[in-house]
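We're numbering straight along the sequence, starting at 1.
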Amino acid sequence: MPLASIEKFYGRKKIIDQLRKRVLDFKDGYRQNVALIGDRYIGKTFILHKFLSEISAPDSIQLYIDVEYKDVDYFCRKVAGTILYEFSKIRSLPLHQDLNLLVETTQSLIPKTTAVIGRIQKHLRHSKKVEAYKDAIALPQIFSAETGLFCILAVDEFQCLMELGIPEVFQELGKTIMTQKQCLYIFASSAHEQARMILAEKLSLLFGNFEIIEVSAFGLKTCSDYVTKHLQEVRIGDDLKSFLVDFTGGHPLYLRLMCEKLLSFATLHHQKEIFVPLLSQAVEDILFDSWGVLSRHFDLTTHHLCFGKGNLIYADILIFLSQEKQKIKTLAGRMGIKQGGLTPKLNRLQEMGLVGKSSKSFYIRDRLFRYWLYFVYQRRRETIETDPDYQRQQFREEFARALDDFRIQEQKDTPSRIIDLLNCFDNESFQLDGRKYKLPVFENIAAEDISLLPEAGFDFIRASTSEGEWFVLLKKDEIKEQDLASILSEIKQRYAKPQRCILITLQDLGEEVRVRALQEHMWIWNERELRTLVNMYNKPFIVA
């Protein structure tokens with residue numbers, strides 16, 4: 001397996017297995033359309049390609065269509081051409097890249113399908129884009145009815161259909177999907193908020209809505225395994241590996257680029273182990289140098305945002321948010337503008353997936369992008385000293401401090417780090433894994449010993465507010481149902497009923513434990529929820 005593809009396989013098996021199950025259910029008569037939502041470059045497109053390549057079967061055809069930066073002509077011809085091409089493969093017909101040649105070789109076998117394609121081409125020649133679009137989205141069902149073959153359609157960056165200039169583009173698609181019993185749709189999008197809005201409001205189907213699957217950064221164990229695998233024979237200490245995972249936020253692209261650079265430098269310097277100087281050099285090369293791959297990538301992202309009249313304000317917004325999460329009122333005050341002028345800019349940043357929101361506060365979602373904004377982009381804009389050697393030395397010193405700060409945090413035990421996190425809460429509401437939470441300002445937070453806890457491996461934290469107490473149960477390894485029952489019994493005997501109880505685990509919960517926790521009205525936070533929280537408050541990841 002090429003090293004460049006390793007990150008695409010790690011941590012994605014569950015998603016691909018879930019898609020496989022949806023196809024099997026679909027062919028058995030139960031259809032559940034799916035939407036993959038995740039950050040740009042997180043691996044959604046690879047998942048689609050890998051999945052579609054694996055399900056090739058004589059009873060179905062697979063279509064992949066990327067609609068980002070495309071027009072109606074492209075969309076319609078792509079749908080038509082892909083259907084004919086895939087049909088030609090199944091029937092062992094000549095494979096052409098030209099749509100007209102594909103029509104010639106298939107029209108005797110599927111006359112109804114090719115007749116509609118001829119009509120689509122005629123509409124396009126006469127600039128009848130709406131008619132062409134309607135025929136194109138109806139084409140898969142016409143083909144399926146004529147051939148008896150299933151159609152599996154993957155539409156990448158599906159929200160960009162809005163840019164085709166078709167009135168009520170999603171409403172038309174939604175009506176068509178409902179009647180296409182032999183067609184399964186799999187959408188993908190990097191625009192988190194916009195995609196969810198379209199699915200909830202414009203593609204809310206009469207017979208079952210889209211199932212949303214989050215494509216997120218790698219889990220912490222997956223990241224650790226990935227780094228070890230990618231560095232091959234070159235060793236790296238657990239502390240530097242943990243830092244690398246935290247620094248990249250577990251983003252597969254960032255991890256791959258960092259590992260490739262480390263491997264390259266290790267080979268160049270004849271080193272068999274990664275130490276701090278080499279890690280620092282790799283980060284500097286990728287993130288600080290103007291032509292470093294990620295420095296250039298982030299530079300182009302900000303340049304695209306700031307291009308055009310009145311758009312320089314985006315640079316200031318990103319720089320302020322790179323310092324800490326901020327409420328719109330505070331941000332507007334610091335920038336000296338009215339909230340009304342700031343709202344559409346923040347909405348655009350949310351739609352692009354660059355900025356997240358918790359209640360009334362906004363923050364940079366990407367940890368490495370935030371680091372670059374604060375320690376590279378901001379410095380370039382504000383520093384008086386223009387000597388590149390001075391700026392480079394400043395970056396090295398700041399990186400060294402970041403590594404030292406991480407090591408200090410890593411030396412703390414897990415309860416202490418959870419307490420640090422609880423101390424950040426400021427009576428704001430936000431969503432974790434689709435569930436809404438509101439966390440108060442805690443007045444007193446302390447870890448306490450309970451006799452049963454050490455043998456069961458739990459830690460216990462009490463946090464008080466003006467309205468009552470909150471209990472936090474924490475366990476890093478597997479939780480057994482009997483252990484949870486014993487702990488809850490012990491707590492009930494010792495303390496009055498709390499206002500809220502949170503169960504924090506860094507491992508997957510068994511179904512019995514989950515059911516028992518939910519019966520006790522406990523909130524359950526696993527690695528995913530914790531990562532969202534520590535990212536929101538700019539704290540290091542908590543690793544099992």
Side-chain angles (χ1 to χ4, degrees), residues 1-2 4-5 8-9 16 19-20 22-24 26-27 34 36 43-125 129 132-158 160-161 164 173 176 180 182-188:
M1 182 192 308
S5 298
K8 300 169 185 175
F9 287 90
I16 291 177
L19 292 176
R20 289 194 192 107
R22 288 291 167 243
V23 170
L24 292 175
F26 167 58
K27 292 182 178 182
V34 179
L36 305 179
K44 301 181 300 299
T45 299
F46 173 80
I47 290 172
L48 292 177
H49 283 307
K50 183 178 190 311
F51 166 67
L52 293 176
S53 69
E54 288 185 349
I55 61 169
S56 296
D59 64 347
S60 64
I61 66 166
Q62 296 78 42
L63 289 73
Y64 170 82
I65 305 170
D66 181 359
V67 296
E68 188 173 30
Y69 306 122
K70 306 298 193 302
D71 58 15
V72 174
D73 284 51
Y74 171 87
F75 175 77
C76 295
R77 295 184 192 280
K78 186 70 172 178
V79 171
T82 306
I83 286 176
L84 296 187
Y85 190 87
E86 293 298 319
F87 176 75
S88 297
K89 284 202 297 186
I90 289 177
R91 293 297 184 93
S92 299
L93 301 174
L95 299 177
H96 302 293
Q97 297 298 320
D98 181 78
L99 180 57
N100 291 324
L101 291 177
L102 286 170
V103 170
E104 285 183 18
T105 57
T106 58
Q107 60 184 354
S108 63
L109 298 173
I110 44 174
K112 294 179 181 178
T113 301
T114 53
V116 175
I117 291 174
R119 194 165 68 221
I120 291 172
Q121 291 178 300
K122 183 178 180 180
H123 288 324
L124 293 175
R125 286 196 299 269
K129 296 185 177 182
Y133 172 75
K134 289 182 178 180
D135 277 344
I137 60 177
L139 189 60
Q141 181 60 29
I142 294 169
F143 169 79
S144 292
E146 188 170 30
T147 63
L149 297 173
F150 295 103
C151 285
I152 300 170
L153 299 90
V155 184
D156 211 344
E157 299 299 347
F158 79 96
C160 292
L161 289 171
L164 297 182
L173 180 59
T176 303
Q180 294 179 331
Q182 291 179 286
C183 302
L184 177 69
Y185 282 81
I186 304 172
F187 288 166

For L124 and A132 the tightest heavy-atom approach is CD2-CB, 3.6 Å

Q. Given the rule in the side-chain contact (heavy atoms from CB on, under 4.5 Å) test, do Y85 and K89 qualify, once you have shown the distances and angles that lead to the verdict?
A. CA-CA 6 Å; Y85 190 87; K89 284 202 297 186; 4.0 Å; yes

d(S60 OG, I90 CD1) to nearest 0.5 Å is 6.5 Å

Item to complete: Would you check if D59 and F150 make a side-chain contact, meaning some heavy-atom pair closer than 4.5 Å?
Response: yes

One should read off an interatomic distance between L153 CG and L63 CG, to the nearest 0.5 angstrom, of 4.5 Å

- More than 12 foreign heavy atoms under 6.0 Å from CZ of R20: is that the case here? yes

Between the side chain of K70 and the main-chain N/O of E68, is any donor-acceptor distance below 3.5 Å? yes

All heavy atoms of A154 vs all of L52, minimum pair found to be CB-CD1, 3.8 Å

**Q.** Residues, nucleotides or ligands: over 12 heavy atoms within 6.0 Å of K27 NZ
**A.** yes

Would you say that L149 contacts Q182 through its side chain, given a criterion of any heavy-atom pair below 4.5 Å between the two side chains?
no

Heavy-atom check, side chain of F87 versus side chain of T113, under 4.5 Å = no

Is there a donor-acceptor pair under 3.5 Å between the side chain of T114 and the backbone N or O of V103?
no

Minimal heavy-atom distance between E86 and Q62, with the atoms involved, is CG-O, 3.4 Å

- Query: Is the side chain of Q180 donor-acceptor paired with the backbone N or O of P140 at a distance under 3.5 Å, no angle test?
  - Reply: no

For the residue pair L84 and I117, establish whether any side-chain heavy-atom pair is separated by less than 4.5 Å.
-> yes

What one should report as the nearest heavy-atom pair of I137 and Y185 is O-OH, 4.0 Å

OG1 of T147 to CG of L109, rounded to nearest 0.5 Å, is 11.0 Å

Tell me, do I55 and L19 make a side-chain contact under 4.5 Å, heavy atoms counted? no

Applied to residues 97-112, the side chain to side chain donor-acceptor pair (under 3.5 Å) test, sequence neighbours excluded, yields N100-Q121

Is there side-chain contact between F51 and I186, with at least one heavy-atom pair below 4.5 Å? yes

Separation between CD1 (I152) and CG (L48), nearest 0.5 Å, reads 12.0 Å

Taking it one step at a time, do C183 and S144 satisfy side-chain contact (heavy atoms from CB on, under 4.5 Å)? CA-CA 8 Å; C183 302; S144 292; 4.1 Å; yes

For this session: Could you check I61 against I83 for side-chain contact (heavy atoms from CB on, under 4.5 Å), going step by step and ending with a plain yes or no?
Result: CA-CA 7 Å; I61 66 166; I83 286 176; 4.1 Å; yes

H49 vs Y64 aromatic rings, parallel, tilted or perpendicular, using cut-offs 30° and 60°? tilted

For L102 and G81 the tightest heavy-atom approach is CD1-O, 3.7 Å

Would you say L173 and F158 make side-chain contact, with heavy atoms under 4.5 Å? no

When every non-hydrogen atom of D71 is compared with those of L164, the smallest separation belongs to C-CD2, 3.6 Å

Is there a side-chain contact (heavy atoms from CB on, under 4.5 Å) between D156 and I65 once you walk through the steps? CA-CA 6 Å; D156 211 344; I65 305 170; over 6 Å; no

Q: Could you check if a side-chain atom of V67 sits within less than 4.5 angstrom of a side-chain atom of K78, using non-hydrogen atoms only?
A: no

